[in-house]
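Note that the structure is predicted; figures quoted are calculated from it, not measured. Just so you know, these numbers use all the heavy atoms, side chains as well, and skip hydrogens, waters and symmetry mates.
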Amino acid sequence: MVLIAGGGPVGMSTALALALKGIPVTVLEAAATFADDPRASSIHPATLDLLEPLGLEEEIMALGHRVSTWQFWDRVEGPVVKLHLDELEGLTNHPFRIQLEQHVLCGLILKRLQALGAEVRFETRVTGVSQDDNRVQVEVETPTGSETLTGAYLVAADGGRSTIRKALDIPFEGYSLSELFVVVTTLHDFSRYGYEDACHFADPDEWATLFRVPNGKDRPFWRISMPVLPGIPREEAARFDVCADRLRILLDEGDSVEILHSNLYGVHQRVAARFREGRILLAGDAAHVNGPTGALGMNFGIQDAIFLADQLARVYETGADAALDRYDRQRRTLAEAILQTQPQRIKQRLETREPEERRRRNEALRQMGADPARRLEFLKEQCMLNSVQEALAIA
């Protein structure tokens with residue numbers, strides 16, 4: 001039995017990948033249900049490839065919104081470059097990105113797990129862990145009291161504030177930014193301004209990213225992420241009226257926008273010092289956190305899940321646990337190399353301040369967009385195809 005702490009997309013993907021390999025799993029989720037507030041929603045081509053064997057393809061395609069273009073704008077110059085993900089044809093089974101709310105993805109996985117007879121326990125909060133050479137014991141709190149559960153292995157997918165990582169005293173190395181960000185959701189149709197379904201807007205102060213997200217109805221959500229401006233108090237930054245006023249820079253004169261939801265958050269760039277402690281494995285935000293630009297967090301976490309399930313399956317097949325050390329090498333190496341650098345590079349590209357430097361940046365993007373070889377390499381990096389291949393190359 002593999003115990004999995006955390007019923008988010010990482011924990012649920014790990015559970016399904018293991019269950020499909022015939023390995024018993026139990027998922028322990030502290031909440032009463034999947035949180036449906038706006039969270040991660042972008043699924044990159046590389047992640048779609050890894051999810052395909054889990055049997056979710058048809059439903060993901062039916063419920064998600066397919067994004068085939070990516071656009072970069074400059075506040076002053078206007079559109080700079082437009083990239084087409086279908087150029088990845090032949091390198092991936094999914095030369096596009098899917099926008100799908102993470103709670104919808106988790107719901108799809110839950111149905112599959114239930115059909116396989118796997119157990120998912122809601123309102124079951126992990127409060128402590130211990131282990132020996134043969135098993136892991138997990139202390140949990142439920143509405144009916146405390147319990148002790150036993151498994152052969154434990155996957156800690158319990159988020160950035162991971163109780164399990166802290167209990168194991170594993171350092172969470174890196175730094176936190178003082179800068180705050182706000183994410184807003186609206187039904188306002190931004191396509192009327194010529195914006196593609198995925199856009200980055202560069203500006204020294206008011207850069208933003210914009211994505212179209214399905215909401216199960218005829219009208220899609222649009223989600224915008226932007227930094228909190230200096231001088232705006234923290235307690236006011238996520239107010240609907242403040243956010244609506246900020247978004248005027250994306251609208252035509254005289255237009256206004258109605259905010260449906262807003263969320264304020266900080267940014268942390270951290271990676272756990274180790275992803276394995278005996279029979280306990282860290283995955284997703286419990287193992288690494290990063291800035292939001294690039295939509296890497298959930299994708300990298302789901303990739304953790306698939307790689308970890310493969311290595312755990314080898315342990316069950318061979319009886320030797322050396323494969324778990326490979327999981328640590330694969331995922332921690334990539335987390336340090338990619339998650340701690342790529343979001344910052346994207347952010348710096350968006351907020352470049354000096355006019356001459358901005359001109360050079362825009363010209364470099366245009367040249368990249370006009371060069372098929374450079375354009376393809378850029379798309380492979382942004383869509384995380386390179387990161388999967390680099391992980392597989394780590395012995």
Side-chain angles (χ1 to χ4, degrees), residues 1-41 43 47-64 98-127 136 138-159 163-164 214-216 281 283-286 298-299 301-313 315-316:
M1 168 71 71
V2 176
L3 300 174
I4 299 171
V10 177
M12 295 295 283
S13 297
T14 306
L16 182 54
L18 289 171
L20 288 170
K21 298 175 188 294
I23 298 172
V25 296
T26 295
V27 178
L28 312 173
E29 168 54 43
T33 187
F34 300 125
D36 62 359
D37 57 313
R39 300 192 182 194
S41 61
I43 310 178
T47 309
L48 290 168
D49 288 347
L50 293 175
L51 287 173
E52 187 175 3
L54 303 190
L56 303 169
E57 178 99 356
E58 184 176 344
E59 291 171 299
I60 287 176
M61 296 303 164
L63 296 175
I98 289 291
Q99 295 295 135
L100 183 69
E101 300 277 20
Q102 72 172 51
H103 71 270
V104 178
L105 177 61
C106 289
L108 296 179
I109 296 174
L110 177 62
K111 291 179 183 178
R112 286 290 311 239
L113 286 171
Q114 290 172 333
L116 292 167
E119 184 178 19
V120 178
R121 296 183 53 173
F122 290 95
E123 295 185 283
T124 305
R125 182 181 300 277
V126 174
T127 57
V136 177
V138 177
E139 305 298 326
V140 299
E141 290 288 340
T142 73
T144 58
S146 301
E147 294 181 45
T148 300
L149 306 176
T150 301
Y153 296 93
L154 169 64
V155 176
D158 54 339
T163 297
I164 296 168
N215 67 354
L281 296 308
D285 286 354
M298 180 177 71
N299 285 272
I302 292 175
Q303 292 174 24
D304 286 349
I306 304 303
F307 277 81
L308 177 53
D310 286 346
Q311 302 309 327
L312 276 169
V315 174
Y316 273 80

**Study point:** Over 12 foreign heavy atoms within 6.0 Å of CZ, R112
**Key:** yes

Practice item. Quick one: list whatever passes side chain to side chain contact (heavy atoms under 4.5 Å, CB included) with A31, sequence neighbours left out. Key: E29

Practice item. Name all residues meeting the side chain to side chain contact (heavy atoms under 4.5 Å, CB included) criterion together with S146; count only those two or more places apart in sequence or in a different chain, and write none if there are none. Key: E141

Check your understanding: Among L51, L56, L108, which residue meets the side-chain contact (heavy atoms from CB on, under 4.5 Å) test with L16?
Key ->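 Exactly one pass, corresponding to L56.
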
Check your understanding: Do you know which of V120, T124, T142 makes side-chain contact (heavy atoms from CB on, under 4.5 Å) with L28?
Key ->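 Of V120, T124, T142, side-chain contact (heavy atoms from CB on, under 4.5 Å) with L28 is met by T124 alone.
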
Can you tell me how far [atom2] of [Y] sits from [atom1] of [X], rounded to the nearest 0.5 angstrom?
X    : Y    : atom1 : atom2 : value
E57  : L48  : CD    : CG    : 7.0 Å
E52  : I60  : CD    : CD1   : 10.0 Å
L105 : I98  : CG    : CD1   : 11.5 Å
I302 : Q102 : CD1   : CD    : 8.5 Å
L50  : Q303 : CG    : CD    : 5.5 Å
F307 : L281 : CZ    : CG    : 14.5 Å

Nearest heavy-atom pair of [X] and [Y]: which atoms, and what distance?
X    : Y    : result
A5   : V126 : CB-CG2, 3.9 Å
G7   : V27  : CA-CG1, 4.0 Å
H103 : A35  : CB-O, 3.2 Å
M12  : C106 : CE-O, 3.8 Å

Practice item. Check step by step if side chain to side chain contact (heavy atoms under 4.5 Å, CB included) holds for Q114 and L110. Key: CA-CA 6 Å; Q114 290 172 333; L110 177 62; 3.8 Å; yes

Check your understanding: Which residues pass the side-chain hydrogen bond (donor to acceptor under 3.5 Å, both in side chains) test with R121, sequence neighbours left out?
Key ->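 Only E147 meet the side-chain hydrogen bond (donor to acceptor under 3.5 Å, both in side chains) criterion with R121.
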
**Study point:** Set of residues satisfying side-chain hydrogen bond (donor to acceptor under 3.5 Å, both in side chains) with respect to D158, sequence neighbours excluded
**Key:** S162

Point to revise | Qualifying side-chain hydrogen bond (donor to acceptor under 3.5 Å, both in side chains) pairs, either residue in residues 1-21, two or more places apart | key: K21-D310

Practice item. Can you tell me which residue pairs pass the ring pair (Phe, Tyr, Trp, His ring centres under 6.0 Å) test with a partner in residues 19-41, sequence neighbours excluded? Key: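 The answer is F34-F122.
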
**Study point:** side chain to side chain contact (heavy atoms under 4.5 Å, CB included) assessment of V155 paired with V25
**Key:** CA-CA 10 Å; V155 176; V25 296; over 6 Å; no

Exercise for review: Give the intermediate values and the outcome of side chain to side chain contact (heavy atoms under 4.5 Å, CB included) for residues L54 and L20.
Suggested key: CA-CA 7 Å; L54 303 190; L20 288 170; 3.8 Å; yes

Practice item. Answer yes or no: is there a side-chain heavy-atom contact under 4.5 Å between T150 and V136? Key: no

Review point. Would you call V2 and Y316 a side-chain contact if the rule is heavy atoms closer than 4.5 Å?
Key: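 The answer is yes; the side chains approach within 4.5 Å.
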
**Study point:** Stepwise side chain to side chain contact (heavy atoms under 4.5 Å, CB included) test for D304 and L308
**Key:** CA-CA 6 Å; D304 286 349; L308 177 53; 5.8 Å; no

Check your understanding: Are any side-chain N or O atoms of T127 and backbone N or O atoms of E139, one a donor and one an acceptor, separated by less than 3.5 Å?
Key ->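 Side chain of T127 to backbone of E139, a donor-acceptor pair under 3.5 Å: yes, one is there.
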
